[in-house]
Amino acid sequence: MAKKMVYFFGKGKGEGNARMKELLGGKGANLAEMAKLGVPVPPGFTITTEVCTHYYENRRTYPKGLRDEVKKAMGKVEEIMGKSFGDPNDPLLMSVRSGARRSMPGMMETVLNIGLTEKTIPGLIKKSGNERFVYDAYRRLIMMYSDVVMEKAAGIEPKDDEGIRKQLEKIMDQLKKQKGCKLDTDLSAEDLKNLCAQFKAKVKTQLGKEFPDDPNEQLWGGIHAVFASWNGKRAVSYRRIEGIPDEWGTAVNVQAMVFGNMGSDSATGVAFTRNPATGDNHFYGEWLINAQGEDVVAGIRTPSPINEATKSEQNKNLASLETAMPRLYEQLDAIQKKLEKHYRDMQDIEFTIERGILFMLQCRVGKRNGPAAVRMALDMHKEKLIKTEEAVMRVTPSQLDELLHPIIDPKVEKQYKPLAKGLPAGPGGAAGQIVFSAPDAVEWTKQGKKVILVREETNPEDVEGMRAAQAILTARGGMTSHAALVARGWGKCCIVGCSAMHVHLAKKEVTIDGKLLKEGDWITLNGTKGNVYEGQLTMMDASEENQILSDFLKICDKVRKLGVRTNADTPDDAQRARQFGAAGIGLFRTEHMFYGKGSDEALFLLRKMIVSKTEEERKNALAELFPYVKKDIKGTLDAMDNLPVVIRLLDPPLHEFVPRDRAKLELLAQDLNISLDELAHRADALHESNPMMGHRGVRLGITYPEVTEMQVRAIYEAAAELIKEGKKPYPEIMIPVVCDVKELLDQFEIVKRVYKEVLAKYKLKKIRNKVGTMIEIPRASLVADKIAQVAEFFSFGTNDMTQMGFGFSRDDIGGFLPDYLKKGILPKDPFQSIDQEGVGALIRIGIQQGRKTRQDLEDGIGGEHGGEPDSIEFCHRVGMNYVSCSPFRVPIARLAAAQAAVK
Ligand code: ADP
Ligand code: MG
Ligand code: MG
């Protein structure tokens, strides 16, 4: 391996840069970039992800020459710091930090204070004049190192609560109790010194090995542990959830230590250039005085707010960095502004202050939830930080989905008083039954229950349970805690730092503000406000006017070329979809009026029509049915006034409507004046062995022209009446299941005749309308040039097209499709995401052939695929005019269509 394996950064220089994430991992690439920008970064170096790959491909060994490169880079660090690693008089200490391409919060390992040994400790005490600090650093090193290197990386898997870290924490808690200290910072130098000795003894007895007293052994142990942590259990399960490939590997960053634990002029913190939970444009973060490393994130002490503007209910009495260290705050504020401007996106930053000097330890594009993503995209666009196209790309379809998620019904919520308040870490509402452990959350969810995971605090081992739960509630931790970070990434409802809550894990009980709740009890969270309620409050869809959402979607609309319509069968759905921005209906199914509430009379008449034997009987039944159909269509045309409504003529095989229960059959027989036997006989005659490919769609109209005639008349008369009322209806009549132009010619004769008759009846010159067809049979695509001689529009019925294209019965895929997916024979369920290769080719041909004949042919899609982002991108690429999807998917389709146009 002749490639460069180690990249140096520090003192205004960086061998890498922000674009080298694949090689250097996100952390390493950004440390180099920050160094280059002149931001104060402690010097260090990054060992590449290629070394990680080598490590795993060669039975966990390193490439030749690595040690030399590390030594050289270490030399540069020593030069800049003016100290040497392992020097007994003035030792340089290092951190070893993991860093994958994409951040995996808390999943992998970090070891701080490497280089402290019996020999170097006295030197550091002398140099720093601060014995307490040195033993504080040492106890942290022993704890991290024994946990990460000696236990986890060695593959030891102790039971819960029995790991070395837990054991050492117990020793420390005991000491604190004994000394009557509340906080870690209350322990004296002497206490900490004793603690270190106890730690080392415990490590020896529990792990059977001495804690290493050699700086280089510690360094390489740390490097090894980071590489090994890539295949640690929690990292692997996090990768599965997030879809991060195993081959990526991690880089290792080795960096000179700076110390936030040197006294009250030292500190450490985590911050965001904007609020990651709301998108609010205020520098936002948390810090702790006299602390090191993960103290802020781990929720050991309640962190203080970074500035006055962003104080919360929980931390309003704590001193902000802005007031405690104004000069440093100003410097930090300038750096955060510089970083956001440079990266042109919200940054998540880590910093440490050592005796009044500020250092930056990390920056990366910050995770955010849906509402924050939308708000930031909109604001940054207004601030001209990003262009329209970038703004559109800043929000993922699933983040947008979060804004459409359930909330507690505000009317209901008003009637309840919260049991307690915490920090609003993840928005939306959720109701669920309390569980206290991640495995329980997974198990209960499997049983179909809705649960809320209630914990003192979460840690990386909990991710699967956090994923399974409806929401997460923790007693400790701030907005930058593990729970908050992970929930935010997933857009999950989450409340952290609910300090009025006390979890009694062993008893599976929790008291919230004095109220005792048990496992299985219901609670409801409002993650947007941070309110915790007892019981199960009613939820509702977030349909309230959301100005930010609609402004953002307007930006999307400027970019997109695809129209977005909705699939709607009722005036209510049409109305809702219109509010979400649908520009018409792409699929109105006439048969809808025969299902569900209030459909009894219409269905009865339809059944009469179906079992009619003579044309006479059928015509009578149709005449009775006519006013119902007309009324139904009129309502929706009205709701979509001035916008196109594609109305599909009766599509399903008729036998679907034949009643099964005896009482209904008797009623029908009576009305038709025939015997039950005769009725059964007629119903039997409708039976088909393959109904989905049987007597349905246009075929019904071919054999029973009067069925087409009635529907077409209902549509035109509904439109005519609306015109008379001053409205502007725009029906598009669609004939389904067509495979040849002659079928259409046959039906169009009826359509044209009825059109003229209706014009005459209502004394109108014209009703704005189109007549077209659904392309869903593969043959139709192939002869689309001929079909377009008659059809004025095509709507691709991709559900049936997928069924017939694959020869997969839609209703029977359950038996085999899971195996196809498991074995990777198909990458995705083709009924959910269009098979672009095969079914997509049929669509492409259909559009091309159709437009050869009719240049202005309108093409759209009306299957379930119309709301799925990948399929929408496909529709954009093949030049469709619009997609159509369910009302709630309309905003997502608008976004996906805009993103397709940018890509
Ligand atoms: P993670 O990937 O989990 O964020 P990091 O590598 O960022 O882990 O390390 C965790 C914390 O350790 C950092 O936030 C920082 O506070 C501390 N840390 C890491 N390296 C150093 C260093 N060189 N000097 C001081 N603190 C450090
Ligand atoms: Mg870490
Ligand atoms: Mg970090």
Side-chain angles (χ1 to χ4, degrees), residues 9-14 18 27-28 30-44 77 80-83 92-95 97 110 112-113 127-128 130 133 136-137 140 185 253 255-274 282-297 301 303-310 318-343 346-364 366 478-480:
F9 58 83
K11 212 186 177 187
K13 292 209 176 72
K27 202 180 286 163
N30 284 330
L31 282 167
E33 185 87 7
M34 281 200 288
K36 278 184 157 160
L37 278 174
V39 168
V41 172
V77 176
I80 292 174
M81 297 298 286
K83 303 176 193 206
L92 173 65
L93 301 192
M94 305 296 288
S95 70
R97 320 171 63 189
T110 299
L112 306 180
N113 309 328
K127 219 38 209 183
S128 64
N130 187 341
F133 146 67
D136 184 54
R140 290 171 190 270
T185 40
N253 301 287
Q255 189 176 25
M257 282 300 302
V258 289
F259 302 101
N261 55 338
M262 289 188 90
S264 56
D265 54 356
S266 302
T268 184
V270 178
F272 299 87
T273 59
R274 299 180 191 221
H282 275 112
F283 184 35
Y284 184 89
E286 293 168 339
W287 72 295
L288 277 176
I289 206 160
N290 197 13
Q292 190 179 41
E294 312 255 67
D295 290 4
V296 175
V297 183
R301 286 192 259 156
S304 310
I306 204 106
N307 52 25
E308 295 300 304
T310 62
L318 301 170
S320 69
L321 187 69
E322 189 179 15
T323 52
M325 303 181 178
R327 191 184 54 79
L328 286 162
Y329 175 78
E330 224 171 87
Q331 191 194 349
L332 179 65
D333 191 42
I335 289 173
Q336 68 92 4
K337 286 204 175 94
K338 181 177 184 166
L339 289 174
E340 186 178 280
K341 210 164 159 201
H342 178 72
Y343 284 99
M346 186 266 274
Q347 296 295 300
D348 170 348
I349 60 183
E350 294 174 5
F351 66 91
T352 282
I353 294 166
E354 176 181 321
R355 289 179 155 172
I357 302 175
L358 173 68
F359 294 93
M360 303 306 294
L361 289 173
Q362 192 173 334
C363 79
R364 64 181 168 212
M479 291 292 275
T480 54

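Remember, it's a predicted structure, so these values are computed and weren't measured experimentally. Computation of the quantities below employed the complete heavy-atom set of this structure, encompassing side-chain atoms and omitting hydrogens, waters and symmetry-equivalent molecules. Residues take their numbers from the sequence shown, with the count starting at 1.
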Open item on the list: Would you say that I306 contacts Y329 through its side chain, given a criterion of any heavy-atom pair below 4.5 Å between the two side chains?
Closed with: yes
Open item on the list: Just checking K36: does its NZ atom have more than 12 heavy atoms from other residues, nucleotides or ligands closer to it than 6.0 angstrom?
Closed with: yes
Open item on the list: Quick check: closest heavy atoms across L92 and A256, and the distance to 0.1 Å?
Closed with: CD1-CB, 4.1 Å
Task: Nearest-0.5 Å distance that lies between atom OG1 in T323 and atom CG in L318 - done: 10.5 Å
Open item on the list: Ignoring hydrogens, what is the shortest heavy-atom contact between P42 and F9? Give both atom names and the distance.
Closed with: O-CE1, 3.4 Å
- [ ] Check the pair D295 / R140 against side chain to side chain contact (heavy atoms under 4.5 Å, CB included), numbers first and verdict last.
- [x] CA-CA 11 Å; D295 290 4; R140 290 171 190 270; 2.9 Å; yes
Task: Criterion side chain to side chain contact (heavy atoms under 4.5 Å, CB included) on L339 and L37, from CA distance to verdict - done: CA-CA 9 Å; L339 289 174; L37 278 174; 3.9 Å; yes
TODO: Kindly write out the residues that satisfy side chain to side chain donor-acceptor pair (under 3.5 Å) with R364, not counting sequence neighbours, or none if the list is empty.
DONE: D348
Task: Results of salt bridge (charged side-chain N to carboxylate O under 4.0 Å, His left out) for K337 - residues two or more places apart only - done: D333
Task: Partners passing side chain to side chain contact (heavy atoms under 4.5 Å, CB included) against E330 (at least two apart in sequence or in another chain) - done: none
Can you give the donor-acceptor pairs under 3.5 Å from side chains of residues 257-272 to other protein atoms, not counting sequence neighbours?
| unit_1 | atom_1 | unit_2 | atom_2 | d |
| --- | --- | --- | --- | --- |
| N261 | ND2 | D136 | OD2 | 2.9 |
| S266 | OG | R355 | N | 3.0 |
| T268 | OG1 | F351 | O | 3.2 |
| T268 | OG1 | T352 | OG1 | 3.2 |

TODO: Not counting sequence neighbours, which residues clear salt bridge (charged side-chain N to carboxylate O under 4.0 Å, His left out) with E354? List them please.
DONE: none
TODO: Report the residues that fulfil side chain to side chain contact (heavy atoms under 4.5 Å, CB included) with A309, sequence neighbours left out, ordered by chain and then residue number.
DONE: H282, N307
TODO: Let me see the working for L31 and R97 under side chain to side chain contact (heavy atoms under 4.5 Å, CB included), right down to the final yes or no.
DONE: CA-CA 12 Å; L31 282 167; R97 320 171 63 189; 4.0 Å; yes
Task: Set of side chain to side chain contact (heavy atoms under 4.5 Å, CB included) partners for K11, sequence neighbours left out - done: I80
Task: For G28 against N253, the heavy-atom pair lying closest together - done: CA-OD1, 3.2 Å
Task: For A319 against S304, the heavy-atom pair lying closest together - done: O-CB, 3.3 Å
TODO: Please name all residues satisfying side chain to side chain contact (heavy atoms under 4.5 Å, CB included) with P303, sequence neighbours left out, ordered by chain then number.
DONE: E286, L288, V296
Open item on the list: Show, in sequence, the C-alpha distance, side-chain angles and deciding distance for M325 and L332, and conclude whether the side chain to side chain contact (heavy atoms under 4.5 Å, CB included) test is met.
Closed with: CA-CA 10 Å; M325 303 181 178; L332 179 65; over 6 Å; no
Task: Interatomic distance, N30 atom CG to M360 atom CE [nearest 0.5 angstrom] - done: 11.0 Å
TODO: Side-chain contact test, heavy atoms from C-beta onward, threshold under 4.5 Å: evaluate it for I335 versus M34 and give yes or no.
DONE: no
Task: Minimal non-hydrogen separation, Q347 against C363, with atom names - done: OE1-SG, 3.8 Å
TODO: Answer yes or no: is there a side-chain heavy-atom contact under 4.5 Å between V77 and M94?
DONE: yes
Task: Partners passing salt bridge (charged side-chain N to carboxylate O under 4.0 Å, His left out) against R274 (at least two apart in sequence or in another chain) - done: E340, E383
TODO: List the atom of W287, the atom of P305, and the distance in Å for their closest heavy-atom pair.
DONE: NE1-O, 3.0 Å
